[in-house]
Amino acid sequence: MKKTIKFYINILTALVFFNLASCQNDAGSTEKDPVVTVPITENGSFSKGADVGWLSQMEATGYQFYDADGSKKDCLQLLKDRGINTIRLRVWVNPSNHKIDGHCSPAETVTMAVRAQKLGMRIMIDFHYSDSWADPGKQTKPAAWANHSFTELLNDVYKHTFDVLTSLKTAGVTPEWVQVGNEIPDGMLWPEGKSANFGQLAQLLNKGYEATKAVNSAIKVIVHLDQGNDNGRFRWFFDNAKANNVKYDVIGMSYYPYWLKSDYKATIAELQNNLNDMVSRYGKEVMVVEVGGDYTLAQNTKDMLTAVINAVKNVPNNKGLGVIYWEPEGEKSWSGYQLSAWQSNGKPSTALDAFKE
């Protein structure tokens, strides 16, 4: 009941501000305030998410999505029906047209963000600062930035971040979260931004932060590492981030028991410990921004998701913000990806039912 009351108070408050803004404009004010989009979901609720960067290309190649009863349905609606309230979108600088390793351009990202928001989804934008995949094993600079000096790279990060977020804002979307870099334990924009030279990495991260806040100061900035169960990895990185005055709001984690080559039961306590430690040690909020399990083991993946959701919810003082499944819709026959949560018949896996609970 308290949540319901809070929700309606938020809506009424938004309507009051909207009416005040209308009256000011009618009175002849020359100042043009930016469009404020009120999220349909209750502000501050636990985020249950899906990263769907492949979706537009799946649709473009004719892939069809079906509900449990066999009826054809929009993929985003299928996700929403299973409790998903957040969509995470990666953005690349100048990507190729490769079906799997390309697309996710700024323009395509804006289009999908608008579409997701129309369904009431909250939005996270994941900046890779690359033309394709960036992860712990590769952080390749965009081709257009390849020969730039470090000073030019700082400007590149700021301008790219600012331009993409401004395009989203113009389209009526202000993301709730922005990731500055994707899985960056060893830094980004190699070699200049390697974490071995943390002072330079800190400057690059801060440029992304500053560009984000220049568009909207309410957007929360995430710094994201892989292996969320590895507390030593996170302490090393974020101790250095603190020493180098990196500005951020949220610590993001990936958690993939499949890639750790063990069942989630062997590492879920470590994940809980790391989540709690990040909050107490650095005073930040935490979020599992990538998770996934073997699509052939639906019940195990569902159980793992339930455990991860509970771990994030159990973080003290409501500092655990949410859990996001990476490419649940990326069915194996289309993507070659083992950790989707989709069946070969085009229907969602029962693993996703964990988000309903």
Side-chain angles (χ1 to χ4, degrees), residues 47-57 76 79 84-95 100-117 121-142 157 160-169 173-185 187-189 193 204-205 207-209 211-212 215-216 219-226 228 248-256 285-292 321-330 337 339:
S47 172
K48 299 176 180 180
D51 185 306
V52 296
W54 278 327
L55 179 55
S56 60
Q57 274 311 105
L76 293 181
L79 292 170
I84 300 295
N85 61 23
T86 300
I87 294 297
R88 178 179 185 255
L89 300 169
R90 61 181 168 271
V91 59
W92 292 330
V93 179
N94 291 303
I100 303 297
D101 302 327
H103 295 277
C104 300
S105 68
E108 291 170 314
T109 301
V110 170
T111 297
M112 186 58 71
V114 169
R115 179 175 155 190
Q117 183 174 265
M121 302 290 203
R122 303 154 75 180
I123 307 297
M124 178 186 295
I125 300 297
D126 175 15
F127 284 94
H128 283 229
Y129 302 113
S130 183
D131 290 335
S132 190
W133 307 106
D135 55 47
K138 55 187 177 297
Q139 295 282 338
T140 306
K141 285 181 286 190
V157 168
H160 175 62
T161 308
F162 183 85
D163 287 350
V164 172
L165 296 178
T166 299
S167 294
L168 283 160
K169 185 176 181 178
V173 178
T174 297
E176 196 164 336
W177 307 274
V178 161
Q179 269 191 224
V180 176
N182 186 74
E183 292 189 331
I184 58 168
M188 64 187 196
L189 292 166
L204 291 166
L205 291 171
K207 283 296 180 182
Y209 177 95
T212 300
V215 175
N216 190 310
I219 299 172
K220 293 183 178 182
V221 172
I222 301 171
V223 174
H224 169 211
L225 308 187
D226 65 322
Y248 65 101
D249 304 305
V250 179
I251 292 174
M253 305 180 180
S254 294
Y255 178 65
Y256 292 105
E285 295 173 315
V286 290
M287 195 171 196
V288 173
V289 296
E290 289 189 25
V291 69
L321 301 184
V323 175
I324 297 177
Y325 201 108
W326 195 85
E327 296 286 8
E329 89 296 351
Y337 182 55
L339 308 187

Note, [X] side chain near [Y] side chain (heavy atom, < 4.5 Å):
X	Y	result
P185	P136	yes
I219	T174	yes
S47	N85	yes
T140	D131	no
S56	T111	no

Given side chain to side chain contact (heavy atoms under 4.5 Å, CB included), test V91 with C104 step by step and report yes or no. CA-CA 5 Å; V91 59; C104 300; 5.8 Å; no
Can you tell me how far the [atom1] atom of [X] sits from the [atom2] atom of [Y], to the nearest 0.5 Å?
X	Y	atom1	atom2	value
E183	D126	CD	CG	9.0 Å
Q179	L89	CD	CG	11.5 Å
D51	I87	CG	CD1	8.5 Å
I222	T212	CD1	OG1	10.5 Å
L204	L189	CG	CG	5.5 Å
L225	M253	CG	CE	8.0 Å

Take I125 and T109 through the side chain to side chain contact (heavy atoms under 4.5 Å, CB included) test and state the conclusion after the steps. CA-CA 8 Å; I125 300 297; T109 301; 3.8 Å; yes
Residue list, salt bridge (charged side-chain N to carboxylate O under 4.0 Å, His left out) with D101, at least two apart or on another chain: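 Once residues adjacent in sequence are excluded, D101 has no partner under the salt bridge (charged side-chain N to carboxylate O under 4.0 Å, His left out) criterion.
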Apply salt bridge (charged side-chain N to carboxylate O under 4.0 Å, His left out) to D249 and list each qualifying residue two or more places apart in sequence or on a separate chain.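 Salt bridge (charged side-chain N to carboxylate O under 4.0 Å, His left out) check on D249 returns K213.
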Verify whether one side chain among [X] and [Y] offers a donor that lies under 3.5 Å from an acceptor in the other.
X	Y	answer
E290	Y256	yes
T161	Y129	yes
Q139	S130	no

Using only atom types and a distance under 3.5 Å, with no angle test, would you say the side chain of [X] pairs donor to acceptor with the backbone of [Y]?
X	Y	value
E327	G53	yes
D226	S254	no
H224	N182	no
K169	V215	yes

State, to 0.1 Å, how close [X] and [Y] come at their nearest heavy-atom pair, and which atoms those are.
X	Y	answer
I123	A116	CD1-CB, 3.8 Å
Y248	V250	CD1-O, 3.7 Å
I324	V289	CB-O, 3.4 Å
P106	H160	CG-CE1, 4.2 Å
V288	V291	CG1-CB, 4.1 Å
T86	I84	O-CG2, 3.4 Å

Determine whether V178 and L165 satisfy the following criterion, side chain to side chain contact (heavy atoms under 4.5 Å, CB included), listing intermediate values before the conclusion. CA-CA 9 Å; V178 161; L165 296 178; 3.7 Å; yes
Evaluate the criterion salt bridge (Lys or Arg N to Asp or Glu O under 4.0 Å) for residue pair K220 and E176; output intermediate values, then yes/no. CA-CA 6 Å; K220 293 183 178 182; E176 196 164 336; over 6 Å; no
Validate the cation-pi geometry between R90 and W54: distance from NZ or CZ to the six-membered ring centre under 6.0 Å, angle to the ring axis within 45°.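 Relative to the ring axis of W54, which defines the angle, R90 lies inside both limits.
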Among all residues two or more places apart in sequence or in another chain, which pass the side chain to side chain donor-acceptor pair (under 3.5 Å) test with E108?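 In terms of side chain to side chain donor-acceptor pair (under 3.5 Å), with neighbours along the sequence ignored, E108 is linked to H103, S105.
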When you look at L76 and M112, which way does the side chain to side chain contact (heavy atoms under 4.5 Å, CB included) test go after all the steps? CA-CA 10 Å; L76 293 181; M112 186 58 71; 4.1 Å; yes
